[in-house]
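In what follows, chains carry the letters A, B, and so on, assigned in the order in which the sequence lines appear, proteins first and then strands, with residues in each chain numbered from 1. Because the structure is predicted, anything quoted here is derived from the model rather than measured.
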Amino acid sequence: MTPERARRAVAEALSAAFERVTGIRRLVQVVEPHDASFGDLSTQIALEAAGGLGMNPGKLARELAESADLPADIVGRISVAGHGFLNMTFSDSYLDSYAFELGTDGLLGFLPRASGAGRALVEYVSSNPTGPLSVGHCRQAVLGEAIARLLEATGWKVEREYYFNDAGRQTALLGESLAARYFTLAGTPMPVPEGGYQGGYISEWAGDLLASRPGLSWPGDSEVFTSYARDRAMDLIVSDLSLLGIVFDRFFNESSLVPVAAAAALERLSSVNTGEGSLVYENPPGSGKMWLRLTALGRPEDRVVRRENGMFTYRMPDMAYHLDKFARGYDLLVDIFGSDHLDTSRDVTAALEALLGREEVSRRLKIVLHQFVTLLREGRKVKMSTRSANFVTLRELVEEVGSADVTRYLFLTRRAEAHMDFDLELAARQSDENPVYYVQYAHARICGILGTAAAGGIEPPAALSGFAGRLSDPAERKLIRLLELVPCRVISAADALEPQRITELLAEIATAFHSFYQKIRVVDPAERELSSARLLLCRACRNVIRDLLGILSVEAPERM
RNA sequence: GCGCCCGUAGCUCAGCUGGAUAGAGCAGCGGACUUCUAAUCCGCAGGCCUCGCGUUCGAAUCGCGACGGGCGUACCA
């Protein structure tokens, strides 16, 4: 019995009671009361519905409690509280058998949604291949990976994809920047183009290229420079990502969409009539410059999608790319972007809705926008700018923090849409100010207990009969009840695409365990059966911490 | 100007699909190590949930409007 199924069974029993009492079919929502003293599950259905039915909420609640045929193996008690809250308490047998399975098999078996999940594609990072990844990309990489793992944990088949912008002007500019360094090194100085890339890494690439391919010319060999720079940038990005343990299933090249697929997408958009004329129009007439009539779709401005020179602007292949992703048949498409992408992504979404229908797009496409990171060093903001290469790279960040785990965890303690101050000194400090150690320490502590028990010949019970009914201390019950909440909390974090809820959950579990540890002596040779049961609870807790940290790609150390 | 995000304890932030007394960490103060790891625990203190109006049985949560901060507002990506 997974906690999700248990709640569903309770909700169905209450819905049936509601129908018997009021004659109305309605799905009753069951939630956890914020104060544990109210019980384990609660519903406000009587408060919500009484007004519309002209009934007294308290009376309705009492009748519902009376009528409800709740599954006895799950709910031990139901009561009416306040103006009409219905509070329920889990039966001990339900909690014990859950904890036993958790301690025996771990958390992951409880996570897949009962209703099932399909195939998902998560697109993240998708940074321009023009240099090393920055701190901002780091947040996105960590966020995207955690979302991907969260979906996997809850039963989705996930593919990770990186959209590689290798066809636009920036790529050409990068190639020219490389050429400038190349010819300067070769003794015929060439200026870095206006707005070009200045990073020291470009000079390094130029040196390597000069060594392997001397005698190139400009602009005759521009394609050589561009593709060399692109390949080097890609290698750099792949290696930066590997610092965080991130591996993409696919790098989808923008260049593969240009010009054929982008032109086909433009053609499809042209066939849409908005009521204010075709969705695509040419202006000035005969110029070849094509505009997308986004104002007809509720967007603030029309946008150029093809320039006079025939080149597509960024939005056009991006639309083609999304059409491609939709056509590949995923049940869920997740896009993770920085907030600077807001306008573009809204435009792309509007165009997709015009082609595929609003309902289809909103059901299958979820866009997560994250706000920027402000890096603090010695309490002051670190200013950054990409083109001038004056920025802190992902690699520098991870090295300065000294740990990929800490970097990941800290980025995941804030909601995506919250601005984030990342304090480098705090992150690098190995102290109790650093939340990741608090959680890892709980795990290490439990492993210590397991070791002590094993050395003393105490084993966790092999069957439920050796566990059920043995743990009655309030500290033990409290821990079991918290562990029972975990699967539903993980599922809702996955639904919301908010891995930050997992770090919160971990902190809560660690707190509960540390507190339990303080009050309860687990290994007691004089009480072998009790010790054995407690050991199983510890193992359940360890399994949960380990599995949740796994979703965040953070190590669960056995010793600290 | 316009669009979006944010505004909750001294600081950093949870809580936001409306529910019972608004939470955590850090910082501050006071306690707890002959016991499985004190990177821990227990307690105290700290709040006009930015402000105003509205929606309703009920608002930190939803709507409108101010104010403050961020991002964007390209024929870059």
ask   = So what's the dot-bracket for RNA chain B: Watson-Crick or G-U pairs under 3.5 Å, [ ] if a pair crosses, | if it pairs off-strand?
value = (((((((..((((.....[...)))).(((((.......))))).....(((((..]....))))))))))))....
inquiry  = Go nucleotide by nucleotide along RNA chain B from the 5' end; which of A/S515 and A/P33 gets its closest nucleotide reached first?
reply    = A/P33
query = Where the side chain of A/Q518 is concerned, which of B/A32, B/U73, B/C5 is the nearest nucleotide?
reply = B/A32
task = Could you check A/A416 against A/Y437 and say which one's nearest nucleotide on RNA chain B is further toward the 5' end?
result = A/A416
ask   = P atom, B/U34 versus B/A39: distance in rounded Å?
value = 15 Å
task = In whole angstrom, give the distance that lies between atom CE of A/M55 and atom P of B/C57.
result = 17 Å
inquiry  = Under 3.5 Å, is there a donor on one side chain and an acceptor on the other for A/Y438 and A/T511?
reply    = yes
task = Using the P atom as the reference point in each nucleotide, state the distance between B/A60 and B/U40 in Å, no decimals.
result = 34 Å
task = Would you indicate which nucleotide in B/A20, B/U40, B/G69 comes nearest to any side-chain atom of A/F38?
result = B/A20
ask   = For A/E32, which of A/R7, A/R489, A/R481 qualifies under salt bridge (charged side-chain N to carboxylate O under 4.0 Å, His left out)?
value = A/R7
query = Say you pick atom C1' in B/G68 and the same atom in B/C26; how far apart are they, in whole Å?
reply = 25 Å
request  = Check every atom of B/A77, B/A20, B/G19 against the side chain of A/L47 and return the nucleotide holding the closest atom.
outcome  = B/G19
key: Any residue meeting side-chain contact (heavy atoms from CB on, under 4.5 Å) with A/A350, in chain and number order, not counting sequence neighbours   = A/L294, A/L297, A/R299
task = Can you tell me the distance, in whole Å, between the CD atom of A/E417 and the P atom of B/U61?
result = 16 Å
note = Which of B/G15, B/A39, B/U73 is nearest the side chain of A/M560? It is B/A39
task = Give a yes-or-no answer on whether the side chains of A/Q170 and A/Y314 include a donor-acceptor pair shorter than 3.5 Å.
result = no
Within 6.0 angstrom of A/E508 CD, more than 12 heavy atoms from elsewhere = yes
task = Could you tell me whether the phosphate oxygens of B/G25, OP1 or OP2, come under 4.0 Å of any side-chain nitrogen or oxygen in A/Y409?
result = no
query = Given B/A77, B/G72, B/G15, which nucleotide is nearest the side-chain atoms of A/Y314?
reply = B/A77
message = What I want to check is whether the side chains of A/S255 and A/D166 have a donor and an acceptor closer together than 3.5 Å.
response = yes
inquiry  = Using the C1' atom as the point on both nucleotides, what is the distance between B/C41 and B/G47, in whole Å?
reply    = 26 Å
remark   = note: A/E504, atom CD; B/C16, atom C1'; distance rounded to Å ~ 12 Å
request  = Please state whether the base of B/A20 and the side chain of A/N87 form at least one donor-acceptor pair under 3.5 Å?
outcome  = yes
ask   = When we call it a touch if two heavy atoms are under 4.0 Å apart, what does A/R299 touch: a base, just sugar-phosphate, or nothing?
value = nothing
remark   = Of the candidates B/A77, B/U12, B/G70, the side chain of A/N128 sits closest to B/A77
request  = Consider the side chain of A/H419, meaning its heavy atoms from C-beta on, and name the nucleotide among B/G70, B/A77, B/G19 that approaches it most closely.
outcome  = B/G70
query = According to a strict under-4.0 Å criterion, is A/Y517 in side-chain N/O contact with OP1 or OP2 of B/A38?
reply = yes
Within 6.0 Å of CD in A/E529, more than 12 heavy atoms from elsewhere = no
request  = Give the nucleotide from the list B/C4, B/C36, B/C71 with an atom nearest to the side chain of A/R346.
outcome  = B/C4
key: Greater than 12 external heavy atoms within 6.0 Å of A/R77's CZ   = no
message = What's the gap between B/G28 and B/A20 when it is taken at their C1' atoms, as a whole Å value?
response = 32 Å
message = In whole Å, I'd like the distance from the CZ atom of A/R315 to the C1' atom of B/U73.
response = 10 Å
ask   = Is there a donor and acceptor pair, one atom on the side chain of A/H341 and one on the base of B/G72, closer than 3.5 Å?
value = no
message = Could you tell me how far apart A/M420 (CE) and B/A14 (P) are, to the nearest whole angstrom?
response = 10 Å
request  = Please determine if a side-chain N or O atom of A/R521 lies less than 4.0 Å away from the OP1 or OP2 oxygen of B/U35.
outcome  = no
message = Which nucleotide wins on minimum distance to the side chain of A/T452, given the candidates B/C36, B/A20, B/G3?
response = B/C36
ask   = So what does A/E508 hit on the nucleic acid, given a heavy-atom distance under 4.0 Å: a base, only sugar-phosphate, or nothing?
value = nothing
task = Report yes or no: is there a donor-acceptor pair, N or O only, under 3.5 Å between the side chain of A/T344 and the base of B/A77?
result = yes
key: Syn-anti status, with the boundary at 90° from 0, for the nucleotide B/C33   = syn
query = Hey, does the side chain of A/Q371 come within less than 4.0 Å of B/C4's phosphate (OP1/OP2), counting only N and O?
reply = no
task = Among B/A38, B/A77, B/C41, find the nucleotide with the atom closest to the side chain of A/R445.
result = B/A38
request  = Mark yes or no for a side-chain to base donor-acceptor pair under 3.5 Å between A/S42 and B/A20, with no hydrogen or angle criteria applied.
outcome  = yes
ask   = Is there a side-chain polar atom (N or O) of A/R415 under 4.0 Å from OP1 or OP2 of B/G15?
value = yes
Option among A/Y163, A/Y162, A/F164 that satisfies the ring pair (Phe, Tyr, Trp, His ring centres under 6.0 Å) test with A/Y321 = A/Y163
query = If we ignore angles and hydrogens, is there a donor and acceptor under 3.5 Å between the side chains of A/D335 and A/H322?
reply = yes
